[in-house]
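What follows is a single structure, written as structure tokens, with notes after it.
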Amino acid sequence: MDTFFSIYDRWNGLIPLIGGIYATLMAAGYLPRNPKDPERMALWRKKFGPMMMVLGPILAVIGLIQIVIHL
């Protein structure tokens with residue numbers, strides 16, 4: 001059980017890293033490639049895009065820092 005927690009602590013920053021990258025790509029318009037409702041996606045980008053373009057990279061850097069600190 002101790003090994004499991006050791007692995008969890010080591011790779012815990014992977015979740016915010018991937019989430020930050022995904023949020024940034026989604027706000028930039030690269031994801032999803034073929035949205036089911038393009039008008040709804042454009043409305044989402046107009047509403048949340050600028051905020052996600054700032055918060056996504058910050059979240060990714062926080063995840064990267066967590067990974068580097070626990071190596």
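Below, each value reflects all heavy atoms present in this structure, side chains not excepted, and no hydrogens, waters or symmetry copies. Bear in mind the structure is a predicted one, so any value in this text is a computation, not a measurement.
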Minimal non-hydrogen separation, [X] against [Y], with atom names:
X	Y	result
Ala27	Met52	CB-CB, 3.6 Å
Pro16	Gly13	CD-O, 3.3 Å
Arg45	Met26	NE-O, 3.0 Å
Met53	Ala28	SD-N, 3.9 Å
Ala23	Gly56	CB-CA, 4.4 Å

Is it true that [X] and [Y] fall in one hydrophobic cluster, defined by side-chain heavy atoms closer than 4.5 Å?
X	Y	result
Ile15	Ile69	no
Leu55	Ile62	no
Leu14	Ile21	yes
Ile65	Ile58	no
Ile67	Phe5	no

Would you say Pro35 and Arg40 make side-chain contact, with heavy atoms under 4.5 Å?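 Pro35 vs Arg40: side chains apart.
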Any idea how Trp44 and Phe48 line up, ring-wise: parallel (<30°), tilted (30 to 60°), or perpendicular (>60°)?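 Rings of Trp44 and Phe48: tilted, 30 to 60°.
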Let me confirm one number: the CG-CE distance from Asn34 to Met41, rounded to the nearest 0.5 Å.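 Going from CG on Asn34 over to CE on Met41, the span is 12.0 Å.
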If I take atom CG from residue Asp2 and atom CD1 from residue Ile7, how far apart are they, to the nearest 0.5 angstrom?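 If we round to the nearest 0.5 Å, Asp2:CG and Ile7:CD1 are 10.5 Å apart.
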Backbone N or O of Gly20 within a donor-acceptor pair of the Thr24 side chain at under 3.5 Å?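 Confirmed, Thr24 side chain pairs with Gly20 backbone.
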